[in-house]
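Encoded as structure tokens, the structure appears first; notes follow it.
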Amino acid sequence: MRPTDSTPAPRPADDPRSAGSAGSARAGSARAGSASRPGPGSGSDGAAPAPAPAPAPRAGGPEARGIDLVPDEERGGRPRDLFAVWAAPNVSYLSFVVGAALVLMGLTLPQALGVVLVGNLVWICTGVVAAAGPVAGTSGSVVSRALYGVRGNRAVVVVTGWLIAAAYLALNWSAASVAGIGLAARLGLPASPAVDAAVICVIAAGTLLIAIFGYGLIVRLYTGLSVALTAVFAVVTGYVLAAADLSYAPAEPLRGAALAAALGAGFTLVASAPLSYTNSPDLARYLPRDSSPVAVAGWTALGAYLPSVVFTAVGALAATGLDMTDPEAALEGVLPGWFVPVFVVAVVVNTMTNNGMTAYSAGLSVQSVGVRLARIPAVLVIGVLGTAMTLYAILVFDFLTAVSTVLQLVVVVTGPVMAVAMTDLVLRRNRYSGPELLAQRRGGPFWYRGGVHWAGFLALAAGALTAGLWVRTTFWTGPIAAATGGVDLSVPAGMTVAAAVYWAATGALGTIPRL
């Protein structure tokens, strides 16, 4: 059944938990700077009183609502609004890097383009999971209590919502920082760790402002940004096509096991991005609860798929005629001097749109595990962690190595997590009760056994173990991957096993009513 229409009980106005990140009580900004956090029982085993209603999200101030239930009167918009929300972050410089990596692996251009088309189909998974947002009316990190139990969900969210989110923040900030540092040098600033660190911190600060202002700003701003970023990247595409070699062929074409290994690694690389977005319900939870789940899934997937395919393919084309081992220098080398600053600004803005969504959801994840922080301080905590990782990636570690290693390794976890989420949604027919998910009450439908849904943990462990056996990275190759000549099938193998185990285990334990 669908969530009830009950409205959460208000908190007293003087309750300190209703205060903003700085405890401000200023008119206007006090409400905007505040964040609803779980009630007194959210970090315990008891029932949690629901937070007070908050005003509808708006672009003019920080979002007031956290993970609490979004009541009907605050909902609005249409599923097609999600297209721009997902398009803006995926008009991406990182797509150029990933596409180029496919050719640098030794694939021919047709092979690389085939991997781009197929690997990006995984965005369908992101779209399907997003359909839970309007129904539950809360964040994805709360919806996942249905998958792992009230207590068990905390461990999963710490890994997927905190650590992996911080890693993606660092990865994208690294991409933007490389370009920004290059622009600083063009402007005559001295090359020094201090300048590099300053560029990183400025980019991080701008990103966190998006996350702090939240949903209202994201929905209103990203439509215009998706158009502007597409225009800039279309110009870059024109110069890349002029330099591309459409007759390109590797000096030593891959065959047999070597070709299979490169195709598998390329698919994993491309698919890793959509698999990281199990937070997609966060951007759909303000839609009316009767929104078509097919429309929610379709517009989410399409908004991400189209720009991802186009600009990853452009990256592959670039590698046929440019030395994309240094993508920043290669791309700037074919652009006219006056346009380079425009391109760099676009790279930075794109990173802010991408990481703004990531930091926004990560802040909700902090709340969902019972940490007693308002949403805005929670965002700042994740931001500091991601900034520290970025400083390490730029000042200590090689950037391209970081891209390949992180994107290929995290699928061991994110693939099974996505598979469990999709399977649960199908088994429940997308019927999630937001009030029950937020209540966390002992004996409730998501308490399971001792607060843990063992079917979810069994499926996740089995899927992650399987993916680990098949994964291939620069520093770890699973035994099955090694035995097959380095073929990386970690994504399909891990997801298939996780989905099958979850389906079988929930049936055997009877934890999900068959509707």
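Residues Thr207 and Trp173 bring a donor and an acceptor atom of their side chains to less than 3.5 Å of each other. The closest side-chain donor-acceptor pair between Asp424 and Tyr432 falls under 3.5 angstrom.
For the pair Phe446/Glu436, a side-chain contact is recorded, criterion being any heavy-atom separation below 4.5 Å from C-beta on. Side-chain contact between Arg289 and Asp72: present, with at least one pair of heavy atoms (C-beta onward) separated by less than 4.5 Å. Using a 4.5 Å cut-off on side-chain heavy atoms (C-beta onward), Thr138 and Val70 make no contact. Between Tyr360 and Ile210 the shortest side-chain heavy-atom distance does not fall below 4.5 Å.
For Arg428 (side chain) and Ala146 (main-chain N/O), a donor-acceptor pair under 3.5 Å exists by modelled atom type. With hydrogens and angles ignored, the 3.5 Å screen pairs no side-chain donor or acceptor of Asn430 with any backbone N or O of Val426. Side-chain atoms of Arg80 never come within 3.5 Å of backbone atoms of Ala295 as a donor-acceptor pair (strictly under, hydrogens ignored). Remark: the backbone N or O of Gly450 is paired with a side-chain donor or acceptor of Arg151 at under 3.5 angstrom. Listed for the Ser139 side chain is no donor-acceptor partner under 3.5 Å among the backbone atoms of Ile67. Distance alone, capped at 3.5 Å, is enough to place a donor-acceptor pair between the Thr358 side chain and the Asn354 backbone. The closest donor-acceptor contact from the side chain of Ser280 to the backbone of Thr126 lies under 3.5 Å. Side chain of Ser365 to backbone of Ser361: a donor-acceptor contact under 3.5 angstrom is found. Under the 3.5 Å distance criterion, the side-chain polar atoms of Arg375 are left unmatched by any main-chain donor or acceptor of Val366. Under the 3.5 Å distance criterion, the side-chain polar atoms of Thr300 are left unmatched by any main-chain donor or acceptor of Ala297.
Pairing each heavy atom of Gly363 with each of Ala378, the nearest pair is O-CB, 3.6 Å. Looking at every heavy atom in both residues, Gly149 comes nearest to Tyr448 through CA-CD1, 3.6 Å. Among all heavy-atom pairs drawn from Asn350 and Ala88, the shortest one is ND2-O, 3.2 Å. Nearest heavy-atom pair, Val471 versus Asp488, reported as atom, atom and distance to 0.1 Å: CA-OD1, 3.7 Å. Between Asn90 and Trp123, the closest heavy-atom pair is OD1-CZ2, 3.3 Å. Contact record, Leu275 with Met495: CD2-SD, 3.8 Å, taken as the closest heavy-atom pair.
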Check the pair Arg449, Leu509 against side chain to side chain contact (heavy atoms under 4.5 Å, CB included), reporting the backbone distance first and the verdict last. CA-CA 11 Å; Arg449 185 179 294 274; Leu509 297 174; over 6 Å; no
Side chain to side chain contact (heavy atoms under 4.5 Å, CB included) for Leu302 and Phe83? Distances and angles first, verdict last. CA-CA 7 Å; Leu302 190 63; Phe83 181 89; 3.9 Å; yes
Derivation and outcome, ring-ring contact (aromatic ring centres under 6.0 Å, His included), residues Tyr305 and Trp86: CA-CA 9 Å; Tyr305 180 84; Trp86 288 95; over 10 Å; no
Hey, mind stepping through Glu63 and Arg285 against salt bridge (Lys or Arg N to Asp or Glu O under 4.0 Å) and telling me if it holds? CA-CA 14 Å; Glu63 180 182 347; Arg285 73 190 198 280; 3.2 Å; yes
CA sep, side-chain torsions, deciding dist, call: Phe96, Phe233, ring-ring contact (aromatic ring centres under 6.0 Å, His included): CA-CA 10 Å; Phe96 290 149; Phe233 278 65; 5.4 Å; yes
How far apart are the C-alpha atoms of Cys125 and Val128, what are their side-chain angles, what is the distance that settles it, and do they pass the side chain to side chain contact (heavy atoms under 4.5 Å, CB included) test? CA-CA 5 Å; Cys125 301; Val128 170; 5.8 Å; no
For Val129 and Leu425, run side chain to side chain contact (heavy atoms under 4.5 Å, CB included): C-alpha distance rounded to whole Å, both residues' side-chain angles, the deciding distance at 0.1 Å, then the answer. CA-CA 7 Å; Val129 172; Leu425 185 143; 5.6 Å; no
Under the criterion ring-ring contact (aromatic ring centres under 6.0 Å, His included), I'd like the reasoning laid out for Phe457 against Tyr148: C-alpha separation, chi angles, the key distance, then a yes or no. CA-CA 6 Å; Phe457 271 92; Tyr148 305 106; 5.7 Å; yes
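For the side chain to side chain donor-acceptor pair (under 3.5 Å) criterion with Ser144, the lone passing option out of Asn153, Thr278, Thr160 is Asn153.
With rounding to the nearest 0.5 Å, the separation of CG in Leu121 from OG in Ser308 is 11.5 Å.
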